[in-house]
Protein chains: 2
Amino acid sequence: MPKNETPGFAWFWEGLDQYLERMGLKQTQQRRVIVHHFLSIDSHVDADELHRQVNAEGHDVGLATIYRTLNLLTEAGLIEQKSFQDGRSVFEVAHPDSHHDHLICVECRNVVEFEDHEIEALQEAIAEKYGMELKTHRLDLFGRCLDKEACDGRKKILT
Amino acid sequence: MPKNETPGFAWFWEGLDQYLERMGLKQTQQRRVIVHHFLSIDSHVDADELHRQVNAEGHDVGLATIYRTLNLLTEAGLIEQKSFQDGRSVFEVAHPDSHHDHLICVECRNVVEFEDHEIEALQEAIAEKYGMELKTHRLDLFGRCLDKEACDGRKKILT
DNA sequence: ATGGCTGCAAAGTGTTTGCAGCGAT
DNA sequence: ATCGCTGCAAACACTTTGCAGCCAT
């Protein structure tokens, strides 16, 4: 597998290489495979799901390595860890500039990502009001699809 | 311990009694003790912390019972369960009208609760834009206390 | 060849559950 | 006297860690 097979994510691979170099760590077969799959998903995944997908493609990567790599990428600031419902965490690419939030349907679990500068401005104001310097935030909106048909369709696919 | 020792929370005790009755469940010594302590905190707690506090007062309630009671109260809609970022969940009284959000210091873990109607209005607008009916939301702001001294003080108390 | 990396399994978390006896109704 | 409730410990689900050998540098 070529090192940079994921189009549009050169910055990600570069960032990873830099981080590994800086920390005296090594690039490995497994890390490449994991990152490649992670990027090809380009949405949120949990460790288990990623593990399944990677190994479904014929590789044999241990779950522990998935976790270790996801933690490494989080440390490197390249991905972000979120916990939606409870129990498992999901990870997603940390797009450097545009932080996006989530709109989640409680029925079909479909997730839409959005961004709103007005809300972000208000958040800054709130943090300031309480004597804090804002670092990051998490905003999840939970609702129900108005398009019941599409919603039901997605619901059926759920395990 | 009298049944209704927590001032201002008559509605909570009543709601609990109603729920127990409706579901054919029983009021017990332990539940009373747990609820009493929970209400006297009137902030967010995790199961372990509540367990410690209850037993520090001379009671001998099992951790499993704490969990069972917290789940029961959640089912009853009297409290809400939230998961910030690490494993553990925290619980807080579900005030029927005013939903509040959280401002969390990443250093000392101190949590401030706030409420902002402007942001909530924007959230409604966003949900509508994406064809969804908003049910609820979660907004957590993560930052750093500007008052370093107070922050460090709280940090020391962390286990 | 060094020292980080991997898979495995074991250990850790936070939370839930099965069981036998206790206690509220 | 029911039948739910409790404490305990074992079971769980997700995640981390110790170890012996592997592999990138």
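Computed from a predicted structure; not experimentally measured.
When the salt bridge (Lys or Arg N to Asp or Glu O under 4.0 Å) test is applied to A/K26, no partner is found at least two apart in sequence or on another chain. Applying the side-chain contact (heavy atoms from CB on, under 4.5 Å) test to B/E21 and every residue at least two apart in sequence or in another chain returns nothing. Taking A/E149 as the reference, A/D147 meet the side-chain contact (heavy atoms from CB on, under 4.5 Å) condition, with sequence neighbours excluded.
Per the geometry, CD belonging to A/Q29 stands 15 Å off C1' belonging to C/dG7, to the nearest Å. B/D17 places its CG atom 14 Å from the C1' atom of C/dT25, with the value rounded to the nearest Å.
Judged purely by distance below 3.5 Å, without hydrogens or angles, the side chains of A/H137 and A/Q123 pair a donor atom with an acceptor atom. Residues B/E49 and B/Q53 bring a donor and an acceptor atom of their side chains to less than 3.5 Å of each other.
Residues B/A64 and B/L20 each lie close to DNA chain D; by heavy-atom proximity, the contact nearer the 5' end of the strand is made by B/L20. When each of B/L63 and A/L25 is assigned the nucleotide of DNA chain D bearing its nearest heavy atom, the one mapping closer to the 5' terminus is B/L63.
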Evaluate the criterion side-chain hydrogen bond (donor to acceptor under 3.5 Å, both in side chains) for residue pair A/Q30 and A/T65; output intermediate values, then yes/no. CA-CA 8 Å; A/Q30 289 90 328; A/T65 300; 5.9 Å; no
Walk me through whether B/H102 and B/E92 qualify under side-chain hydrogen bond (donor to acceptor under 3.5 Å, both in side chains). CA-CA 12 Å; B/H102 299 95; B/E92 58 185 48; 3.3 Å; yes
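Within the 4.0 angstrom heavy-atom criterion, no nucleotide atom of any strand lies near B/D48.
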For nucleotides 20-23 of chain C, tabulate all protein N/O to nucleotide N/O atom pairs closer than 3.5 Å, reporting atom names and distance.
residue: C/dG23; atom: N2; partner: B/K26; partner atom: NZ; Å: 3.1

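DNA chain D is contacted by A/Y67, A/R68, A/N71 of residues 66-76 of chain A, taking any non-hydrogen atom closer than 4.0 Å.
Residue A/L146 shares its hydrophobic cluster (ILVMFWY side chains chained together at separations under 4.5 Å) with no other residue.
The shortest distance between the side-chain N/O atoms of A/T28 and the OP1/OP2 oxygens of C/dT6 is below 4.0 Å. The shortest distance between the side-chain N/O atoms of A/R31 and the OP1/OP2 oxygens of D/dA24 is not below 4.0 Å.
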